[in-house]
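Computed from a prediction, not measured in an experiment: that's the story for all the values here.
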Amino acid sequence: MKDRIKYLNLLLFIIAIFGSIFFIPSFLVDRYYVMQSICLLSVMMLNAFLIIVLGDVNKYTIFFILFVSIILLFCYLFIPFCQNDLIAICLTFVFIRLFIDSLKQELPINISLLYNSLSVLVFIEVLWGMWQSFHLLLVYDTYYLITGTFDNPVGFAICVSVLSPFCLFLTSSYSKFVRVSGWIFLFVSFCSILLSGSRTGVLAILGVLVVYFYIFYLKHKRYGQYKNQIKYAVVLIVGCVFGGLYYLKKDSADGRLLIWRVTWDMIKDSPLIGHGAGSFQAKYMLYQADYFRLYPNSNFAQLADNVSHPFNEFLKIAAEYGCLGLIILFFLIGKGIYIFKRNSNIMKYPAIESIIAIAVCACFSYPLKYPVTWGILGLAISVICVKQERCFRLHIPYIRYFGAGISLYFIFLLLQYVSVEMKWKKIVDRSFLGETEQILPFYEQLKGKLGTNGLFLYNYAAELHVMKSYDKSIELLTECTHYWNDYDVQLLLADCYLQKEKFEKAEECFVLASNMCPNRFIPLYQLVHLYDRIGQKEKAYNLAEKIIHKKVKISSFKVQRIKNEMIEYVQKGL
């Protein structure tokens, strides 16, 4: 019976990771994130339910998980601004900790089986990407060659690089077939990352290989006399690769430097406790607008765009949770390294390599956006921290029942959220069919459930704008700016004010949108018409001159039409 439960737990964990990579249904608005995270969480909660009711676990682990789960449940139910992603990540960690705890009695065998399964999953994802490169499967966006089962190449590269250490684990097998399979999996994974064009993925898998090389070669006595020379060579190679990747897409790299520079301004305004969970999406673009207002001739102006993430998880933590958040994070990292050094073995090497891959990705991208990263990070931390001690059946019935009840309640909340998202998707589909007037009552019904979702509020406001309900649209967009505030939100808000003939407010929003993304033409174009309408001809004329001589970032028919119209406007004179 115990063996059956153990293998069922292993199967459920593999299903959870499989779902977080491959489950991309079309019945949700955000098919590449929401359902993957819900699949991972719901299956892990079901796993937790089975372990608590039927499995052998450490009683201290049970009490810890119940304590954390109750706190997270309280935050979800009673703190409206609490970030749902943070709750989801924490829940993933605690339930995976419970899962690993249940495998302790035969840990090496169980972990080996788990690693082998994860290697197969990453190989399937790599094949998916390779088939896309040969046009045998569709990609999310035809602009890219490879996206895998993600919305862009970055997600694909992060997934492959984070799972690649489990392919390396196969290379240490006693079986020649398994060793060869491991090297083939790794080689194909590296090739797929190169084809994806993700520089972050290349750096991450390079970091994995450096750690692997250090563990299995530099620590070996045979190579001890060459240790310093090899270190210098590795540093030189990594430096050359880093420099080459920078110049490969210099504009993109410089764009990230801009984002980091502006994020630093955001951190300086609240260095101790940060701006709060989810505040980056709500406030960053305001800081970017301030930057270009102060430095209108900056070389970064042509690189500016809508930004929802700083492309650095550590900076995001600093911006939202301040130095206290970073101190807690670095304390946990240091504690993990200490535990690993005290009790390292071959079963824990893939775990530390995966964490290195995630850490490298976290410096240049957004790995925690993807649920598969939550699962692998939770697994890696649990494997590193686990001690192979005897577990036992929890014989306190009310504790078991309470823990099982918590798990089932979380599953109920997730299924309830899926139902709400499905209703929203149906509304969006009806909107595309031109049924805007009919769907507005349904938007109002869903607002109670999705009222903290910035994208939902923006969509609802856009539908009201189409129906010329400008006052209600302004109200929703103002609410939206508390969760999500960018160039598009300000443009829509400006047009609502314009339709209501609140010209000063409209001007403020157009100017703000222009400062957010100085390379865009629409806000300046709208301002010319606004000034012309309210009789400020000289302002309109000067701004039209600016548009005519404005540098074009990406040439398009719309931009050329705006320039031609401004030329005609200037030629008419004052």
Side-chain angles (χ1 to χ4, degrees), residues 27-31 34 80-81 84 278-279 281-286 289 306 308 416-417 419-517 520-536 558 562:
F27 53 77
L28 297 179
V29 174
D30 187 353
R31 61 184 297 196
V34 173
F81 293 101
N84 290 338
S279 59
Q281 271 193 314
K283 295 183 178 181
Y284 170 84
M285 292 301 289
L286 298 176
N306 270 336
S308 59
Q416 190 180 49
Y417 187 77
S419 174
V420 172
E421 283 272 344
M422 289 174 66
K423 290 177 182 177
W424 181 19
K425 181 62 168 67
K426 289 178 181 177
I427 293 172
V428 171
D429 290 341
R430 290 183 64 184
S431 173
F432 287 137
L433 296 174
E435 301 179 17
T436 299
E437 187 174 0
Q438 292 87 340
I439 64 173
L440 289 179
F442 297 104
Y443 261 112
E444 188 61 34
Q445 290 174 15
L446 291 180
K447 188 175 180 294
K449 297 289 186 181
L450 297 172
T452 58
N453 185 318
L455 180 60
F456 172 83
L457 293 172
Y458 176 80
N459 285 355
Y460 187 9
E463 298 292 353
L464 289 166
H465 177 271
V466 171
M467 296 305 299
K468 301 182 179 181
S469 299
Y470 300 119
D471 287 326
K472 181 67 173 175
S473 183
I474 290 170
E475 180 186 330
L476 284 171
L477 287 169
T478 304
E479 191 175 344
C480 177
T481 58
H482 296 132
Y483 311 104
W484 179 33
N485 192 4
D486 65 3
Y487 170 87
D488 298 310
V489 172
Q490 290 301 319
L491 270 190
L492 186 57
L493 192 55
D495 195 63
C496 288
Y497 282 127
L498 193 62
Q499 299 300 329
K500 295 294 293 181
E501 298 187 349
K502 296 181 178 180
F503 299 123
E504 289 186 6
K505 290 282 188 180
E507 181 187 8
E508 287 178 14
C509 293
F510 281 132
V511 170
L512 181 57
S514 180
N515 286 332
M516 285 178 171
C517 299
R520 304 288 180 90
F521 282 78
I522 296 295
L524 298 179
Y525 172 75
Q526 294 286 2
L527 279 170
V528 170
H529 285 282
L530 173 62
Y531 293 144
D532 184 75
R533 183 175 175 181
I534 62 178
Q536 297 185 16
K558 181 183 286 187
I562 289 173

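- Rounding to the nearest 0.5 Å places NZ of K500 at 4.0 Å from CG of D471.
- Each salt bridge (charged side-chain N to carboxylate O under 4.0 Å, His left out) pair with one or both residues in residues 525-534, not counting sequence neighbours, appears once here: E501-R533, D532-K537.
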Check: residues 507-514 side-chain donor-acceptor pairs under 3.5 Å, at least two apart:
{"from": "E507", "atom 1": "OE2", "to": "Y531", "atom 2": "OH", "distance (Å)": "2.7"}

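- Residue pairs that meet the ring-ring contact (aromatic ring centres under 6.0 Å, His included) test with at least one member in residues 447-476, sequence neighbours left out, are W424-F456, Y443-F456, Y443-Y460, Y458-W484, H465-Y470.
- Partners of K502 under the salt bridge (Lys or Arg N to Asp or Glu O under 4.0 Å) rule, at least two apart in sequence or in another chain, do not exist in this structure.
- By the side-chain hydrogen bond (donor to acceptor under 3.5 Å, both in side chains) test, Y284 is found to be paired with Q288, residues two or more places apart in sequence or in another chain being considered.
- Side-chain contact check for K426 versus E421: every heavy-atom pair is 4.5 Å or farther apart.
- Rounding to the nearest 0.5 angstrom, the gap separating the CG atom in L450 from the CD atom in Q445 is 12.0 Å.
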side-chain contact (heavy atoms from CB on, under 4.5 Å), that's the test. Do K447 and L457 meet it? Break it down for me. CA-CA 8 Å; K447 188 175 180 294; L457 293 172; 4.2 Å; yes
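- For the side-chain hydrogen bond (donor to acceptor under 3.5 Å, both in side chains) test, no residue two or more places apart in sequence or in another chain qualifies with K449.
- The side-chain contact (heavy atoms from CB on, under 4.5 Å) search around S431 returns T436, I439, E463, not counting sequence neighbours.
- Remark: side-chain polar atoms of S473 are not paired, donor with acceptor, to backbone N or O of S469 under 3.5 angstrom.
- Separation of atoms CG (L530) and CD (E504) is listed at 10.0 Å; rounding is to 0.5 Å.
- Under the 4.5 Å side-chain criterion, counting only non-hydrogen atoms from C-beta, D495 is in contact with L498.
- One finds the CG atom of L491 at 11.0 Å from the CG atom of L477 (value rounded to the nearest 0.5 Å).
- Listed by first then second residue, pairs satisfying salt bridge (charged side-chain N to carboxylate O under 4.0 Å, His left out) with a partner in residues 433-443 read R430-E435, not counting sequence neighbours.
- For the pair L286/T481, no side-chain contact is recorded, criterion being any heavy-atom separation below 4.5 Å from C-beta on.
- Within the 4.5 Å cutoff, side-chain heavy atoms of E475 are placed close to those of K472.
- Between R520 and Y487 there is a side-chain heavy-atom pair separated by less than 4.5 Å.
- Side-chain contact of N485 with Q490: a donor-acceptor pair under 3.5 Å is present, judged by distance alone.
- Interatomic distance, NE2 of H482 versus OG of S279, reported as 13.0 Å (0.5 Å rounding).
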Where do Q526 and I522 land on the side-chain contact (heavy atoms from CB on, under 4.5 Å) test, with the steps shown first? CA-CA 6 Å; Q526 294 286 2; I522 296 295; 4.1 Å; yes
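- To the nearest 0.5 angstrom, L28 atom CG is 9.0 Å from Y417 atom OH.
- At least one side-chain heavy atom of C517 sits under 4.5 Å from a side-chain heavy atom of M285.
- Side chains of V29 and V34 form no contact here, defined as non-hydrogen atoms less than 4.5 Å apart.
- Across all their heavy atoms, E479 and G451 have their closest contact at OE2-O, 3.8 Å.
- For K558, the salt bridge (Lys or Arg N to Asp or Glu O under 4.0 Å) test picks out no residue, with sequence neighbours left out.
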For a side-chain contact (heavy atoms from CB on, under 4.5 Å) check, start with the C-alpha distance between L493 and K505, then their side-chain angles and the critical distance, and finish with the verdict. CA-CA 9 Å; L493 192 55; K505 290 282 188 180; over 6 Å; no
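- Residues passing the ring pair (Phe, Tyr, Trp, His ring centres under 6.0 Å) test with F521, sequence neighbours excluded: none.
- Side-chain atoms of Y483 and N453, non-hydrogen and from C-beta on, never get closer than 4.5 Å to each other.
- Every residue two or more places apart in sequence or in another chain was checked for a salt bridge (Lys or Arg N to Asp or Glu O under 4.0 Å) with K283, and none qualifies.
- For D488, the salt bridge (Lys or Arg N to Asp or Glu O under 4.0 Å) test picks out no residue, with sequence neighbours left out.
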